Amino acid sequence: QKEVEQNSGPLSVPEGAIASLNCTYSDRVSQSFFWYRQYSGKSPELIMSIYSNGDKEDGRFTAQLNKASQYVSLLIRDSQPSDSATYLCAVNKDYGQNFVFGPGTRLSVLP
Amino acid sequence: SAVISQKPSRDICQRGTSLTIQCQVDSQVTMMFWYRQQPGQSLTLIATANQGSEATYESGFVIDKFPISRPNLTFSTLTVSNMSPEDSSIYLCSGCSRSGGKAFFGQGTRLTVV
């Protein structure tokens, strides 16, 4: 079992819809969780971090964490074509070391 | 967020030669990493750059092929040695911040070996 798993996609949603991206992780001792956005030809950009169970909202983005289920998700409300990118889930076991990335989910927002 | 500068942004190299990539980070960064990302793939960790000592390499990566230096807290280099076309990839420098363990990335180096 891979440490961090995501559906590779592509996930296609119409403009204005909610995009839901999912991630599971295998190591229960993981402490912190991140979502990165990567446009084609660019480096990953941090968009959300979450450390405790529940929801965390930042603008159109909501990260959800459920440590019991070892599950992290990212919701993008009012999706825009500019949100089309690959979204990488990352898990950090101990605030600095053992930073593990998932394979990424490619999102396509259709105008 | 931490500021990470990486250069060169791209290069085309002859097989058998070596390329050194430089990475400069700001003082928020405690740990530095080097990743490789092949087209359409996710990030693969090459090694953790340790200040003043040998880097810690991941399985499948060796020091002779990817020598790494980190002479001080804010600077590191990755050399891709004796290159072959299979080394064509994007190489990314990353730094992890003190606050919350967040990782930030340099602009990446797109390497093409011909």
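As the structure is a prediction and not an experimental result, all values here were calculated from the model. Just so we're on the same page: letters track the sequence lines, and every chain starts at 1. All heavy atoms count here, side chains included; hydrogens, waters and symmetry mates do not.
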Please determine whether residues A:Y25 and A:I50 belong to a single hydrophobic cluster, defined as Ile, Leu, Val, Met, Phe, Trp and Tyr linked transitively by side-chain heavy-atom distances below 4.5 Å. yes
B:Q37 versus chain A, heavy atoms under 4.5 Å apart: side chain, backbone, both or neither? side chain
Crowding at CG, A:N7 (>12 non-hydrogen neighbours, <6.0 Å): no
Cluster question for you: counting only ILVMFWY and a side-chain heavy-atom cut-off of under 4.5 Å, with indirect links fine, are B:I21 and B:M31 together? no
Does the gap between the ring centers of A:F101 and B:F105 come in under 6.0 Å? yes
Closest contact, heavy atoms only, B:K102 versus A:Y36: C-OH, 4.3 Å
Determine the minimum heavy-atom distance between A:G102 and B:S42, stating which atoms define it. O-OG, 2.6 Å
Could you check whether atom CZ of A:R60 has more than 12 heavy atoms from other residues, nucleotides or ligands sitting under 6.0 Å from it? yes
Heavy-atom closest pair, residues A:S43 and B:Q107: OG-CA, 4.0 Å
Spell out, yes or no, whether B:M83 and B:I68 are grouped together once hydrophobic residues are joined by side-chain heavy atoms under 4.5 Å, including indirect joins. yes
Tell me whether B:L111 is reachable from B:L43 by hopping between hydrophobic residues (I, L, V, M, F, W, Y) whose side-chain heavy atoms are closer than 4.5 Å. no
Between A:Q38 and chain B, which part of the residue has a heavy atom less than 4.5 Å away: side chain, backbone, both or neither? side chain
Chain B: which of A:G104, A:P44, A:S40, A:A90 shares the most heavy-atom pairs with it under 4.5 Å? A:P44
